[in-house]
Amino acid sequence: MADRQPLSFIQSPPELGNEFREDWLLCAWLESALPGRMLDEQRDVFDELGRRSGGEWYRLQLADRLNEPRLEQWSPWGERVDRIELTPLWVEAKAWAAEYGLVATGYDASPGEHARTIQFARAWLFIPSTDFYGCPLAMTDGAARILSDAGNRELAERALPHLLAREGENFWTSGQWMTETIGGSDVSGTETVAQQDDQGRWRLTGRKWFTSAATSEMALTLARPEGNPDGSRGLALFYVEPHDTDGRLQNIEILRLKDKLGTRKLPTAELWLDGAPATPVGGLDRGVAAITPMLNLTRTWNAVTACALMRRGIALATSYAHKRRAFGKRLIDQPLHRQTLSAMEADYAAAACATLAMVGELGRVEHDHAEASSALLRILTPTIKLGTARDAVACASETLECFGGAGYIEDTGLPQLLRDAQVLSIWEGTTNVLSLDLMRALAASGIEPWLETMRARIAQLDDERTRELHAIAFRALEQVPGWLDHPADVLEANARAIAMNLYRTTALVELSGLAHRSLARGDGSHGRKTLVAALHYARNRFSLDPIDTHGTGWSLTGD
Ligand code: MFK
């Protein structure tokens, strides 16, 4: 047999560096948003997170690639046990999340309105190397918010010290059990029933169809107290601790783990509640309204995750472009490839600014309790969740393409980026569900909270260098009120186009604002880069979706 040909070519894989220092956009935002002393105090933690995320954690993630959580339903001796074995990285991620205060920092009093910016900047760096551990953290954050505000002292005293713990052994995560077979997005159809037993203890019976992070120590869930009316107002919000002190599930069966397209390290389960003990968090009705603080926070985490994954894809593609040679040149030296990477960077920069502005607003609302900020945040949350999710899917797809065939090969670790990103536009409300949510928010408050904020931001772009951005953003902004004058059926059919336009406009305004502030501060390096990204976004990516004003939209489906 002839000898095998010697290997003439081995491609160097992409590498990551310090993911904080290399994220110019995040650095620019933090320098502009945080008081100097506060940023200096945080810098070491950001730096350490950036180093671990691009180093040790990323290597662990690649080594863990083929592991998945496993459900063991029976003991060898016939006992029903329903134990979930987590992947090695997930087992460790809990302690890291506690140690870096990825939930607790958001509730710190000392940074005042900046607590959320600090928390989410840390999460930004943690998320891409930890296999969607951000999901339980998102729900934990939502549970902490609800229990902090609900006025149920007993539950708050029991759970909050764990949800906000900074040591792994004390730290609890929370589930959010909302989705049922009949319901999906329409939670009003929830079939789980709550009944009081002979001792007056509430017990829940029903099937929860999609419960993420099923290993959490507590969960918030919806059920209909017996005798309550149909619809979402007849639901109540309950607190559940799935395990007893011996670690056994309390009247809960794990029916199976979901076989998902992505986020496969995340143990998403189908549960049967068979009289599971539960405690009402507040009243015995209006459960959907009661759980919405959690929904709004998980949507915020969703947007942060979208940005963090975009950034990861760009970091890998950029590293590769400096190594890979084809047609006699490195990819980075080829004009079309450079342009492709720049477009991805501009999309990322815009998504990141919109998201970080929303996070800043969240911090102000929680700190100052200002009504105007809260109306603005109600508009921003669905808008930015839906826009960033769609941009993250597009960016992940483009990332794979930047690697050519290697991007399609599983053991590069790259395809996981695309599969994971796809969840972002589905979970926590699809694009359409969130567009309709935005319409409800606009019906309640009007467009003014958003319009006035954006107008004020655009007015600050009074510099020669940002004149073009001022003109484009102003034109986009001023056409919005006209759209909202249309009849309800036209508005509903156009809800997605309106939502995407609001997203793009917000993103452009916030990115332009960052460019302006960085330049005004004399931060030449960040200022120039941000300005180039804003101009690129405005000129090449900022095409407004048309609004169909002729009726309820056109249809090629149905009669
Ligand atoms: C890594 C990051 C990712 C994190 C992942 C975490 C994984 C979590 C796993 C899951 O649990 S996924 C489940 C996600 N499910 C959803 O996101 C549900 C999507 N459906 C909706 O959002 C619907 O719009 C909704 C269920 C809220 C509709 O409910 P209703 O009851 O049919 O509608 P209605 O009447 O509009 O809302 C009821 C009340 O809530 C109203 O208040 P009032 O009773 O005072 O009138 C609304 O104003 C209020 N409300 C609704 N959405 C709100 C809100 N309030 C504030 N913010 C909102 N977003």
Side-chain angles (χ1 to χ4, degrees), residues 69 84 86 90 93-94 96-98 101-107 116 119-120 122-123 126-127 130-150 155-156 158-165 168 171-180 183 185 187 208-223 237-243 252 254 257-258 260 263 265-271 273 276 278 281 287-288 290-306 308 359 362 381 385 389 420 423-424 426-429:
I84 295 174
L86 296 171
W90 257 62
K94 188 177 185 192
W96 302 330
L102 296 186
V103 178
T105 311
Y107 296 79
R116 288 296 188 177
Q119 174 203 10
F120 280 111
R122 292 182 181 192
F126 174 86
I127 285 167
T130 47
D131 284 341
F132 253 76
Y133 200 80
C135 172
L137 300 180
M139 298 186 289
T140 304
D141 196 347
R145 180 77 276 148
I146 287 182
L147 294 181
S148 298
D149 298 343
L155 285 185
R158 169 141 183 89
L160 275 177
H162 294 293
L163 300 176
L164 302 181
F171 183 47
W172 283 5
T173 59
S174 173
Q176 168 190 347
W177 303 347
M178 283 183 71
T179 309
E180 300 207 352
S185 292
V187 177
K208 294 291 175 182
W209 181 244
F210 220 97
T211 63
S212 279
T215 49
S216 291
E217 288 82 356
M218 62 154 283
L220 294 182
T221 189
L222 297 174
L237 179 61
F238 285 91
Y239 168 93
V240 178
E241 284 183 19
H243 299 93
I252 296 175
I254 303 179
L257 293 183
K258 294 293 201 183
K260 294 169 291 176
T263 68
K265 315 293 171 145
L266 168 57
T268 304
E270 226 173 274
L271 302 181
L273 311 185
V281 173
V288 169
I291 206 169
T292 54
M294 187 176 212
L295 275 187
N296 289 332
L297 269 169
T298 51
R299 287 170 185 172
T300 306
W301 275 82
N302 206 98
V304 168
T305 303
V359 163
L362 171 64
T381 306
K385 189 281 190 185
D420 285 356
V423 87
L424 296 166
I426 298 177
W427 277 5
E428 299 311 302

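Side chains are part of it too, since the values below use all heavy atoms of this structure and drop only hydrogens, waters and symmetry mates.
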- prompt: Is the Lys NZ or Arg CZ of Lys258 less than 6.0 Å from the centre of Trp209's six-membered ring, within 45° of the axis?
  reply: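 Yes, Lys258 sits over the ring of Trp209.
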Testing the basics here: between [X] and [Y], what is the closest heavy-atom pair and its distance to 0.1 Å?
| X | Y | result |
| --- | --- | --- |
| Glu428 | Gln176 | OE1-NE2, 3.8 Å |
| Arg158 | His162 | O-CD2, 3.3 Å |
| Gly142 | Leu297 | CA-CD1, 3.9 Å |
| Thr173 | Thr140 | CA-OG1, 3.2 Å |
| Ala159 | Met218 | CB-SD, 4.0 Å |
| Ala143 | Ser174 | CB-OG, 3.4 Å |

[Y] and [X], any side-chain heavy atoms less than 4.5 Å apart:
| X | Y | result |
| --- | --- | --- |
| Leu273 | Val240 | no |
| Val103 | Leu163 | no |
| Thr300 | Lys385 | no |
| Leu295 | Met178 | yes |
| Pro267 | Trp90 | yes |
| Thr268 | Thr211 | no |

The single option from Thr263, Thr305, Thr298 passing side-chain contact (heavy atoms from CB on, under 4.5 Å) against Trp427: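 The residue from Thr263, Thr305, Thr298 that satisfies side-chain contact (heavy atoms from CB on, under 4.5 Å) with Trp427 turns out to be Thr263.
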- request: Say whether, by atom type as modelled, one donor and one acceptor occur between the side chain of Lys260 and the main chain of Leu266 under 3.5 angstrom.
  value: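 It does hold such a pair.
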Rounded to the nearest 0.5 Å, what's the gap from [atom1] on [X] to [atom2] on [Y]? Could you check?
| X | Y | atom1 | atom2 | answer |
| --- | --- | --- | --- | --- |
| Ile291 | Trp177 | CD1 | CH2 | 11.5 Å |
| Glu270 | Ile254 | CD | CD1 | 11.5 Å |
| Leu147 | Leu164 | CG | CG | 9.5 Å |

field: side-chain contact (heavy atoms from CB on, under 4.5 Å) partners of Ser148, counting only residues at least two apart
entry: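 For Ser148 the side-chain contact (heavy atoms from CB on, under 4.5 Å) partners, ignoring immediate neighbours, are Tyr107, Arg145, Leu160.
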message: According to side-chain contact (heavy atoms from CB on, under 4.5 Å), who are the partners of Ala97, at least two apart in sequence or on a separate chain?
response: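 Counting only residues at least two positions away or on another chain, Ala97 forms a side-chain contact (heavy atoms from CB on, under 4.5 Å) with Leu102, Phe126, Tyr133, Leu137, Phe171.
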- request: For side chain to side chain contact (heavy atoms under 4.5 Å, CB included), just list the numbers for Leu220 and Tyr239, CA-CA rounded to whole Å, side-chain angles, deciding distance to a tenth of an Å, and then say yes or no.
  value: CA-CA 5 Å; Leu220 294 182; Tyr239 168 93; 4.2 Å; yes
message: So that I can tick it off, tell me whether Asp420 and Lys265 are bridged by a salt bridge, with the cut-off set at under 4.0 angstrom between side-chain N and carboxylate O.
response: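 A salt bridge is absent here (no side-chain N lies under 4.0 Å from a carboxylate O).
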Residue pair Met294, Met139: steps toward the side chain to side chain contact (heavy atoms under 4.5 Å, CB included) verdict: CA-CA 7 Å; Met294 187 176 212; Met139 298 186 289; 4.1 Å; yes
All salt bridge (charged side-chain N to carboxylate O under 4.0 Å, His left out) counterparts of Arg299, not counting sequence neighbours: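 Once residues adjacent in sequence are excluded, the partners of Arg299 under the salt bridge (charged side-chain N to carboxylate O under 4.0 Å, His left out) criterion are Asp437.
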task: Verify salt bridge (charged side-chain N to carboxylate O under 4.0 Å, His left out) between Glu180 and Lys208, making sure each step is shown before the conclusion.
output: CA-CA 5 Å; Glu180 300 207 352; Lys208 294 291 175 182; 2.6 Å; yes
